[in-house]
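As a basis for the values below, the full set of heavy atoms in this structure was taken, side chains included, without hydrogen atoms, waters or symmetry mates. Proteins come first, then strands; the chains are lettered A, B, ... in the order of their sequence lines, and each starts at number 1.
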Protein chains: 2
Amino acid sequence: MNDDLTARARIRDAAIKLFTERGIEGASIRDIATEAGVSSGLVRHHFGSKEALRAACDTYARDRMFELSRELIDEQGLENVNVGTVQPVAFPLQTYLVRSMMDGSETASALFLQTVEYGEEWAKTHGVVTDDFRAWSAVITAMKLGVYVLREQLELALGEDLASTSGYTRLNRAFVDIFSHPLLTPEQAKNLRKDH
Amino acid sequence: MNDDLTARARIRDAAIKLFTERGIEGASIRDIATEAGVSSGLVRHHFGSKEALRAACDTYARDRMFELSRELIDEQGLENVNVGTVQPVAFPLQTYLVRSMMDGSETASALFLQTVEYGEEWAKTHGVVTDDFRAWSAVITAMKLGVYVLREQLELALGEDLASTSGYTRLNRAFVDIFSHPLLTPEQAKNLRKDH
DNA sequence: TAGACAGCTACACGATCGTGTAGTCAAGTC
DNA sequence: GACTTGACTACACGATCGTGTAGCTGTCTA
């Protein structure tokens, strides 16, 4: 726990942590208060209700993600940003957002749609081969987010923490390998397209 | 509701449906009983506890998935089975298993590991380009399952039901497009591998 | 210095949860 | 025809949940 943070910030961080680990329903206000080192009444005092606390976490995570990607673009330049990789700093925030999305967050769902629309434009202007850019972007977005949802299983399969340098590097290299070599031959693709 | 099924089967189907929609914690025994058209006591009578009911759903979904893939292989032959596509029949079962996995199911997690191991062997014997077959398989498995987890968001982005013929076809074609064309050029891949 | 006010705690409330217990009912067995 | 057994319901239990209320602090300001 970071004692430098205000109680409000500590509650918000504790909520994001427990919501991510146990889901929205699975994390009680009392648990969050204990994790933050405050009374459960203070959670209510600062955020009003559990739903409002969750909404505050949603917008905080979203805005923080925007800040981080903005910083990344400023550092590396728009064209050099690795679209397939993820930032270690953004990992927990992204994980929270996906979990919140699954539990019915409108803020997180809106972010998903926004990402799909951005990916659709990117695909059109970067020579992606498909005749359904919308579906292409939606599926690839869902696939990338799947890594966050199944983080626990992924760590089990790899035998190491994804937040570690080693695990993070393996993850990124796997992304690069997957997206730089075709998995299906043209004949296989042709057959699969006909069958369905 | 299917009146032909025994009460036990109806409870199990209702549990899989509600567990998938609301998560394990979010679906109460009373809700499941109402959905199945029985009393809540009968759920306990047949399955003993909520955890045991969930375990029964896990093994049922897993075994049913094995049956379905066995039938698919018998029909099409092992080499012709589309590794990227999904079966409409298996869709709800797979969705349940992923949800259950997220909520801490050991049965579902074991299935994930098994899938990763199978994919690892497949990659080694089918000329996949990578020096970390384990990570390659784990990431691609997580990515494919992401589509199930984010089914709701995917349907929102595509504007149609994924269980419909049209939605299912768009999904499969997007898979084929993504896996039959490289997203990164060799130079880009080389740069990304160096950076991290 | 009196008063307003935000930060914070303690405690009680109704609702809902999983679970436990008792009992009804119909079908099968001897 | 008495007895057993499994499917099934009704109801009560303790625990936990989100929420409501009252009151205690310290700080700032008019």
- Task: Scan residues 91-103 of chain A for pairs that pass salt bridge (charged side-chain N to carboxylate O under 4.0 Å, His left out), counting only residues two or more places apart or in two chains.
- Result: Arg99(A)-Asp103(A), Arg99(A)-Asp103(B), Asp103(A)-Arg99(B)
- Test salt bridge (charged side-chain N to carboxylate O under 4.0 Å, His left out) applied to Glu160(B) - qualifying residues, sequence neighbours left out: Arg170(B)
- Task: For DNA chain D, find the residues of residues 17-32 of chain A with a heavy-atom distance under 4.0 Å and give them by number; none if there aren't any.
- Result: Ala27(A), Ser28(A), Ile29(A), Arg30(A)
- Drop me the distance from Leu156(A)'s CG to Leu113(B)'s CG, to the nearest 0.5 angstrom. 5.0 Å
- Sorted by chain and number, sequence neighbours left out, salt bridge (charged side-chain N to carboxylate O under 4.0 Å, His left out) with Lys17(B) holds for Glu35(B)
- Task: Measure the acute angle between the ring planes of Phe91(B) and Tyr148(B), then classify it against the limits of 30° and 60° as parallel, tilted or perpendicular.
- Result: tilted
- Message: Once salt bridge (charged side-chain N to carboxylate O under 4.0 Å, His left out) is applied, do any residues pair with Glu25(A), and if so which ones, sequence neighbours excluded?
- Response: none
- Query: Without hydrogens or angle criteria, can the side chains of Tyr168(A) and Asp161(A) be said to hold a donor-acceptor pair below 3.5 Å?
  - Reply: no
Protein-nucleotides 6-10 of chain C N/O pairs under 3.5 Å:
| from | atom 1 | to | atom 2 | distance (Å) |
| --- | --- | --- | --- | --- |
| dC8(C) | OP2 | His46(A) | NE2 | 3.1 |
| dT9(C) | OP2 | Ser39(A) | N | 2.8 |
| dT9(C) | OP2 | Ser39(A) | OG | 2.7 |
| dT9(C) | O5' | Ser39(A) | OG | 3.4 |

